[in-house]
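Comments concern the structure below.
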Amino acid sequence: MITKPKGTYDLMGLDAKISNYINHEIENFMINYNYEFIRTPVFEATELFHRTVGDGTDIVTKETYDFKDRGDRDITLRPEGTAGVVRSVIENKLYGNKNDLIKLYYNETMYRYERPQSGRFREFTQFGVEVFNSDDVLIDAEVISLGFNLLNSLGLEDVLVKLNTLGDAKSRTDYSAALVNYFKPHIHELCEDCQKRINTNPLRILDCKVDKDNDILKNAPKISEFISDESKDRFNKLKSYLDNLEIDYEIDESIVRGLDYYDECVWEYKLDDDVALGGGGRYNALVKNLGGPELPGIGFALGIERIILKLKEKIDEQKINNFVDVYIMSVSEEEKIYAIKIAQDLRLNNVITEINGANLSLKSQFKIADNLNAKFLIILNNEDLQKGLITVKDNITKEEEKVDESVIVDYILGVI
Ligand code: HAM
């Protein structure tokens, strides 16, 4: 038997239902917040991720799916969504109108060669938003609160935003230099990866899973000592906006994020335990670094599989359970012809309708209708049909009524 590749999964059953429910909520949010959908390719030139996510990051050094295509090009399956969106914004010159906000979202599969475990896959789905052309802290507040509100409205009310600021480019450079000075004398007390990170990305040492309880990390200089006054003002303003929006957040200086492109605010969405349901930040230099114009950006991405996992523990079953408005029962050929026609008419009138599509006995059809929590049963039988009548049963009160065949659709529309 050929089985699925390690770290992948087949979306089905309850997970698929929750996933549809999440997607539905996302679509509503995106309409109300006025974001436009964008789809970029699943694979991109390898160089794109080196220049955005960063050469020294775990994602690029250890986790990408890289291959040469038949034309000998270096190709990588996207490990995240921001790089492709930024590439597309530049390539399609989406920044044409200088006062327009560019507000984009995606909901797509990503690929990272990670060690599979609960909530960690090699193919996974991210819903993400990216906003370009505004450096206003108001947008920071909009974007952070959007993710928080979405998670809340999905049913995850205990979500907390863990918030930090990395300051502007100068604050980040000064801080990186201070970290290098601080860690150099302790280099041999750090894990193998962190010994490399000193040269490639010293900030990431603070985020190390292996060294996280090491006192050397705990006593390291804090980013707050290096933040410029301007960045501090931005951050204070952001906090007051978030207070006003009643967003539950907590300042956490250990949030430095695993990707290189961030400056100013960064954040993660967390539940009480440690997995991040999502994360993001501002990236004011990224578009320019990739060859585009000076165009500030900010965004976040949520891990859909992790949200499904959390919702499964607590979702209101009723919300996602099987249900249909009407189940149409038929046995004879004549009844079946009526059944499929009435079903079509009801479905085209937005009535969720199911028919006996498997030659079931009447008894089995009653059972199936109950399993589907059908609100009404349409019980067809030849005798009634010859008189132009159809039996409708309210499956909750169990009351039955005979309805004129010609008005059956209107009758159902009137009662549901
Ligand atoms: P990230 O923190 O690498 O950020 O990923 C965002 C979210 O994707 C994580 O918090 C997690 O929920 C989910 N995720 C990541 N890896 C896996 C995995 N192997 N299996 C399941 N879920 C996973 C980014 O990717 C940035 N592009 C976010 C962003 C957008 N920043 C600015 N704009």
Side-chain angles (χ1 to χ4, degrees), residues 29-30 32-35 82 85-86 99-105 127-153 156-176 203 206-207 221-271 276-288 294-302:
F29 261 70
M30 292 299 89
N32 295 340
Y33 278 79
N34 196 29
Y35 282 65
T82 312
V85 170
V86 169
N99 290 327
D100 279 352
L101 272 186
I102 306 157
K103 298 176 37 163
L104 304 170
Y105 79 98
F127 157 67
V129 308
E130 314 291 349
V131 181
F132 299 90
N133 212 13
S134 170
D135 194 19
D136 195 326
V137 184
L138 205 63
I139 290 297
D140 298 18
E142 171 178 307
V143 172
I144 296 171
S145 59
L146 192 170
F148 176 86
N149 290 333
L150 176 64
L151 290 165
N152 255 262
S153 108
L156 300 175
E157 292 91 0
D158 298 333
V159 163
L160 190 61
V161 179
K162 298 265 192 169
L163 184 65
N164 193 17
T165 177
L166 301 177
D168 53 24
K170 181 167 180 328
S171 327
R172 220 186 130 138
T173 316
D174 291 350
Y175 184 47
S176 290
L203 253 79
L206 302 174
D207 201 25
K222 299 272 177 278
I223 182 89
S224 48
E225 298 157 28
F226 296 82
I227 303 292
S228 66
D229 288 345
E230 211 185 4
S231 289
K232 271 185 197 150
D233 287 348
R234 277 188 73 98
F235 200 51
N236 286 333
K237 205 167 172 187
L238 173 60
K239 286 188 277 183
S240 69
Y241 285 151
L242 294 177
D243 288 335
N244 183 46
L245 291 170
E246 297 177 26
I247 305 302
D248 298 326
Y249 69 90
E250 191 177 277
I251 307 303
D252 183 341
E253 289 203 31
S254 75
I255 303 287
V256 292
R257 310 279 297 130
L259 307 94
D260 273 359
Y261 44 63
Y262 296 114
D263 48 36
E264 303 295 353
C265 64
V266 286
W267 70 95
E268 287 183 354
Y269 299 102
K270 292 209 169 178
L271 282 176
L277 296 178
R282 190 162 262 293
Y283 46 85
N284 285 348
L286 181 58
V287 178
K288 183 132 197 274
E294 198 99 40
L295 196 72
I298 183 169
F300 70 81
L302 301 179

Check the surroundings of atom CD in Glu246: do more than 12 heavy atoms from other residues, nucleotides or ligands lie under 6.0 Å from it?
-> no
Taking all heavy atoms of Gly279 and all of Arg257, pick out the closest pair and write down the distance.
-> C-NH2, 3.3 Å
Side chains of Asn164 and Tyr262: is there a donor and an acceptor less than 3.5 Å apart?
-> no
By side-chain contact (heavy atoms from CB on, under 4.5 Å), which residues pair with Leu245, not counting sequence neighbours?
-> Ala141, Ser145, Ile247
Lys288 atom NZ: more than 12 heavy-atom contacts under 6.0 Å | no
Are the side chains of Ile255 and Trp267 in touch, meaning some heavy atoms are under 4.5 Å apart?
-> no
Can you establish whether the number of heavy atoms outside Lys232 located under 6.0 Å from its atom NZ is more than 12?
-> yes
Check whether any side-chain heavy atom of Val161 sits under 4.5 Å from a side-chain heavy atom of Leu242, and report yes or no.
-> no
Value for CZ (Phe226) from OH (Tyr175), rounded to nearest 0.5 Å, stands at 7.5 Å
Nearest heavy-atom neighbours spanning Ala285 and Asp263 = N-OD2, 3.8 Å
Walk me through it: do Ile251 and Lys239 pass the test side-chain contact (heavy atoms from CB on, under 4.5 Å)?
-> CA-CA 9 Å; Ile251 307 303; Lys239 286 188 277 183; 3.7 Å; yes
Side chains of Leu101 and Asn34: closer than 4.5 Å at any heavy-atom pair?
-> no
Got Ile144 and Phe300 here, is their nearest side-chain heavy-atom distance under 4.5 Å?
-> no
Between atom CG of Leu166 and atom CD1 of Ile227, what is the distance when rounded to the nearest 0.5 Å?
-> 7.0 Å
Hey, are Ser171 and Asp174 close enough side-chain-wise for a donor-acceptor pair under 3.5 Å?
-> no
Which value, rounded to the nearest 0.5 Å, describes the distance between Phe235 atom CZ and Leu163 atom CG?
-> 4.0 Å
At their closest point, which heavy atom of Val85 faces which heavy atom of Glu130, and how far apart are they?
-> CG1-CG, 4.0 Å
With Arg234, which of Asp135, Asp136, Asp229 fulfils salt bridge (Lys or Arg N to Asp or Glu O under 4.0 Å)?
-> Asp135
Lys237 atom NZ, over 12 foreign heavy atoms within 6.0 Å = no
In sequence, state the C-alpha distance, the side-chain angles, and the governing distance for Lys170 and Glu230, and then conclude on salt bridge (Lys or Arg N to Asp or Glu O under 4.0 Å).
-> CA-CA 11 Å; Lys170 181 167 180 328; Glu230 211 185 4; over 6 Å; no
To the nearest 0.5 Å, atom CG of Asn99 lies from atom CG of Asn133 at 7.5 Å
Heavy atoms of Cys265 and Leu238 approach each other most closely as CB-CD2, 3.8 Å
Indicate whether any N or O donor in one side chain lies under 3.5 Å from an N or O acceptor in the other, for Thr82 and Tyr261.
-> yes
Heavy atoms of Tyr269 and Val143 approach each other most closely as OH-O, 3.6 Å
Closest approach of Leu146 and Phe29, non-hydrogen atoms and distance?
-> O-CE2, 4.1 Å
